[in-house]
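Reading through the structure tokens given below for one structure.
Worth knowing before you read on, the calculation uses all heavy atoms, side chains too, and leaves out hydrogens, waters and symmetry mates. Each chain gets a letter, A, B and so on, in the order its sequence line appears, and its residues count up from 1.
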Amino acid sequence: MPRRYWLLKSDPETFSFEDLKFSPRRTTCWDGVRNPQARNYLRDEIRVGDGVLFYHSQSDPPAAVGTARVVRSGYPDPAQFDRGSGSHDPDSDPAEPRWYAVDIRLEREFTRPVTLGEMRCTPRLAGMELLRRGSRLSVQPVRSEEWATVLKLASRRASPAR
DNA sequence: GCCAACGTTGGC
DNA sequence: GCCAACGTTGGC
């Protein structure tokens with residue numbers, strides 16, 4: 001199966017690309033996802049080697065800031081069984097875990113962020129899940145053309161400041 | 001801080 | 001199974 005691509009959303013207040021950069025081996029467990037559809041992607045579809053667009057939500061401006069690679073495919077999210085964790089789920093049965101996580105490793109930090117506004121203005125990205133009205137999913141599939149387009153934007157020099 | 005868009009919960 | 005109420009996400 002060819003390599004696939006995903007967009008992972010994170011509020012940088014919670015976990016930023018910078019945090020990933022300073023994680024051991026620049027690798028982190030992508031845990032805490034508590035949406036069934038996003039869980040399905042994590043559990044069933046995301047494979048080792050897949051590409052990840054790292055996106056900062058709730059930031060000013062919201063933007064894709066770099067890429068990562070999946071280094072471990074779906075496994076039960078340990079946080080769901082951790083009473084001390086904010087992501088603890090008392091209703092999840094260890095025999096049939098409700099939530100899943102993957103591990104990702106930093107691959108490339110963009111020399112400049114690709115902002116949401118810029119993506120909206122890019123015709124080739126018009127079909128992106130991220131740009132859909134009301135799109136809230138924190139794990140989203142990204143088409144290979146979209147991946148290539150975002151990377152191209154990232155390596156383009158920023159337009160001169162006004 | 002506001003609000004639209006969803007998802008979840010729970011009464012019936 | 002419906003749906004109102006409520007909670008959360010996330011752009012602006």
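- A:P36 comes within 4.0 angstrom of the backbone, heavy atoms only, and of no base.
- In this structure, A:H56 places its NE2 atom 13 Å from P of C:dG10, rounding to the nearest Å.
- A sub-4.0 Å separation between OP1 or OP2 of C:dT9 and a side-chain N or O of A:K9 is absent.
- Between A:F54 and A:F15, the ring-plane angle classifies as tilted under the 30° and 60° cut-offs.
- Phosphate contact (OP1/OP2 of C:dC12, side-chain N/O of A:R120, threshold under 4.0 Å): present.
- Close to C:dG11, at under 4.0 Å from its OP1 or OP2, lies a side-chain N or O of A:Y55.
- Between the side chains of A:E109 and A:T67, no donor-acceptor pair of N or O atoms lies under 3.5 Å.
- A:S138 is not listed as a side-chain neighbour of A:Y55, based on a closest heavy-atom distance of 4.5 Å or more.
- Counting to the nearest Å, the P atom of B:dC6 and the CZ atom of A:R132 are 7 Å from each other.
- Nucleotide C:dG10 holds its C1' atom 13 Å from the CG atom of A:L7, rounded to whole Å.
- Atom pair A:M119:CE and C:dG10:C1' shows a separation of 14 Å (rounding to whole Å applied).
- Using a 4.0 Å cut-off between charged side-chain N and carboxylate O, A:R26 and A:E107 make no salt bridge.
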